[in-house]
Amino acid sequence: MSTKKYPGDTDEAHPEKFNISAMPPQPTEKKPGQLPEDMIKQFFTEGFVIVEDFFKAEELEACKDAIKRLIDEMALKLYNAGKIKKLYKEYGFFERLSIIEKEFPGANIVLHKLGSMPLEIQQLWSNERLLNVVEQLIGPDIIGHPVWNLRTKTPQNEATTVPWHQDVGYLDNSSYTVLQPTAWIPLLDTDENNGCMQMAGRGHKTGKIATHQCCHGGTWYVMLEEEEMKKKLDIDVDKDIQICPIPYRGMLLFNNLIPHRSLPNMSKQIRWSFDLRWQRPTEPVGFYGIKEGILMRSSKDPDMAIDWEEFNALNRHTKAKEVVAEHDQEIDEFDITIQGPWMKKWEIVHVNHHVNAHHAQEGDPSKWTHA
């Protein structure tokens, strides 16, 4: 690992922002969906908690229907552009994208980069029962974080296998003192075979941000070496790492400092999932000024309406490319690269087509290589 300091590096530590001392007073009013206090305490002491049987089947089935529409739209665009020879409508929800991916590698990235959020996913993210849980974690005033993801984990695909990282590794340094709970919500039972999550338990306890690198293999992901996890975050990789299978209708709640990764999907089905995040409105979202959060709950205005139109009007992936570009870029709806300001935060140790595209936007041909 290089000894050079990069913008993301810091020796600061803020354990008080993420450990049990950060747990807010629990609501006195009993509300639907609230978790037992011991589960809330586990979130703060361990950095994560598994919640089973939380969502109603119809809530998640509605999200599957929304994703099917997105695949229909993408497949039609690819077909009309001559990128694929068939629409592959005969394949089901857990297979169709994989078949399209074989003919147009990178289709999963095109889908991952969708800008606006379908109504059914909006309703899941702002679900009253879910926000009641978030209130237990951060208090009664809540915004949705601008970085949400639909994960398209097609089988045996490096592009969908996320390495060890802390979520703050993707955000600017103002996020280092901000608690941002994430709900990871799979759309099927997950296990070691189909790409469930691994968490480094209590990896947030020091309140520190480890030194990451960019980019993992042929992906745009930042990565965290296990030696760095041991040294900087006081993690025992033999004892603290836990595999977290999540049943359908359940979720994994975790904070933005705990190291985690997803295992490879070795099954024959796509492992679909969402990551949805929240934080307090008074704190910076840490997204380089690209996009702000969306107010979901206000203690001053209990009857407020969520402004989804404004939130959906800006595609964060397109804006992120503009932020790092030093000259005008044409928009290619079939672009299979992802770039963003996090690539300037850390040492670039692997060069690939995502990194090359990043360097091209910076206007520095000397950095371009063949991946």
Side-chain angles (χ1 to χ4, degrees), residues 1-24 37-50 134 136-139 145 147 162-184 197-214 216 221-244 252-263 275 277-280 282-287 342 344-347 349:
M1 181 180 294
S2 171
T3 57
K4 179 181 175 181
K5 278 280 188 178
Y6 288 84
D9 287 324
T10 180
D11 292 323
E12 294 181 17
H14 300 279
E16 76 285 354
K17 298 288 187 177
F18 301 93
N19 287 281
I20 193 67
S21 60
M23 179 175 163
E37 188 167 327
D38 63 328
M39 294 183 74
I40 300 299
K41 287 181 177 178
Q42 182 183 334
F43 174 87
F44 285 96
T45 56
E46 296 297 317
F48 71 96
V49 63
I50 294 172
V134 177
Q136 292 180 278
L137 303 176
I138 61 174
H145 195 274
V147 180
V162 184
W164 285 115
H165 68 284
Q166 296 168 288
D167 281 347
V168 289
Y170 286 95
L171 301 177
D172 70 45
N173 295 19
S174 69
S175 68
Y176 290 2
T177 61
V178 180
L179 175 62
Q180 296 167 341
T182 293
W184 184 77
M197 298 277 276
Q198 273 190 320
M199 311 298 290
R202 303 189 71 242
H204 67 299
K205 60 183 179 293
T206 63
K208 294 180 180 180
I209 290 80
T211 297
H212 292 63
Q213 297 171 320
C214 191
H216 174 65
Y221 301 130
V222 301
M223 58 186 181
L224 180 56
E225 294 180 342
E226 289 191 357
E227 280 302 314
E228 175 71 356
M229 289 164 59
K230 294 178 188 177
K231 180 178 71 174
K232 189 94 177 258
L233 305 179
D234 193 26
I235 291 170
D236 184 333
V237 296
D238 295 320
K239 296 180 180 179
D240 295 334
I241 293 176
Q242 300 180 45
I243 296 173
C244 298
L252 175 65
L253 288 174
F254 58 94
N255 70 40
N256 48 316
L257 236 60
I258 186 168
H260 57 284
R261 69 177 176 180
S262 72
L263 296 172
D275 358 299
R277 300 180 173 89
W278 305 264
Q279 67 171 68
R280 300 179 185 92
T282 53
E283 297 177 312
V285 297
F287 198 39
W342 64 88
K344 295 184 176 184
K345 276 191 67 169
W346 307 110
E347 179 185 11
V349 296

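Taking CG from Leu263 and CE from Met197, the interatomic distance works out to 9.5 Å, rounded to the nearest 0.5 Å. Between Asn255 atom CG and Phe48 atom CZ the span is 10.5 Å, to the nearest 0.5 Å. In this structure, Met223 CE and Cys214 SG are separated by 7.5 Å, a value rounded to the nearest 0.5 Å. Distance NE2/His14 to CD1/Ile209: 7.0 Å, rounded to 0.5 Å. In this structure, Arg202 CZ and Phe44 CZ are separated by 14.5 Å, a value rounded to the nearest 0.5 Å. To the nearest 0.5 Å, atom CG of residue Leu224 and atom CD of residue Gln213 are 8.5 Å apart.
Judged as a salt bridge (charged side-chain N to carboxylate O under 4.0 Å, His left out), and not counting sequence neighbours, the contacts of Asp275 are Arg151, Arg277. For Glu16, there are no salt bridge (charged side-chain N to carboxylate O under 4.0 Å, His left out) partners, not counting sequence neighbours. Contacts of Glu227 classified as side chain to side chain contact (heavy atoms under 4.5 Å, CB included), with partners at least two apart in sequence or in another chain: Lys230.
Val178 pairs in a side-chain contact (heavy atoms from CB on, under 4.5 Å) with only one of the listed residues (Glu283, Lys17, His145), which is Glu283. With Leu233 as the fixed residue, the side-chain contact (heavy atoms from CB on, under 4.5 Å) test singles out one of Lys205, His204, Glu228, Gln166: Gln166.
Between His165 and Tyr170, the gap from one ring centroid to the other is short of 6.0 Å. Taking the six-membered ring where the residue is Trp, the centroids of Trp346 and Tyr6 are separated by 6.0 Å or more.
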### Message
As a quick check of understanding, evaluate side chain to side chain contact (heavy atoms under 4.5 Å, CB included) for Trp164 and Ile241, giving each step before the final call.
### Response
CA-CA 11 Å; Trp164 285 115; Ile241 293 176; 3.5 Å; yes

### From CA spacing to verdict: side chain to side chain contact (heavy atoms under 4.5 Å, CB included), Phe254, Asp167
CA-CA 10 Å; Phe254 58 94; Asp167 281 347; 3.6 Å; yes

### Query
Should Lys231 and Glu225 be marked as a side chain to side chain contact (heavy atoms under 4.5 Å, CB included) after you check the CA-CA gap, both sets of side-chain angles, and the distance that decides it?
CA-CA 10 Å; Lys231 180 178 71 174; Glu225 294 180 342; over 6 Å; no

### Derivation of the side chain to side chain contact (heavy atoms under 4.5 Å, CB included) call for Glu12 and Asn173
CA-CA 11 Å; Glu12 294 181 17; Asn173 295 19; over 6 Å; no

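Between the side chain of Asn256 and the main chain of Thr182, no donor-acceptor pair closer than 3.5 Å is present. In this structure a side-chain-to-backbone donor-acceptor pair under 3.5 Å is missing from His216 to Val162. Proximity of a side-chain donor or acceptor of Lys345 to a complementary backbone N or O of Asp172 within less than 3.5 Å is not detected. Remark: the backbone N or O of Ser21 is not paired with any side-chain donor or acceptor of Asn19 at under 3.5 angstrom. Between the side chain of Gln279 and the main chain of Pro284, a donor-acceptor pair closer than 3.5 Å is present.
Contact of the Ile138 side chain with the Pro181 side chain is registered, since non-hydrogen atoms from C-beta on lie closer than 4.5 Å. With contacts defined as side-chain heavy-atom distances shorter than 4.5 Å, the pair Glu46/Gln242 qualifies.
Gly286 and Leu171 get closest at one heavy-atom pair: O-CB, 3.2 Å. Minimum heavy-atom separation, Met39 to Ile50: CE-O, 3.4 Å. Minimum interatomic distance between Pro259 and Ile235 (heavy atoms only, all atoms of both residues): CG-CD1, 3.6 Å. The two residues Thr10 and Lys232 have their closest heavy-atom pair at O-NZ, 3.0 Å. When all heavy atoms of Trp342 and Gly169 are compared, the pair lying nearest together is CB-O, 4.1 Å. Nearest heavy-atom pair, Arg280 versus Leu137, reported as atom, atom and distance to 0.1 Å: NH2-O, 4.2 Å.
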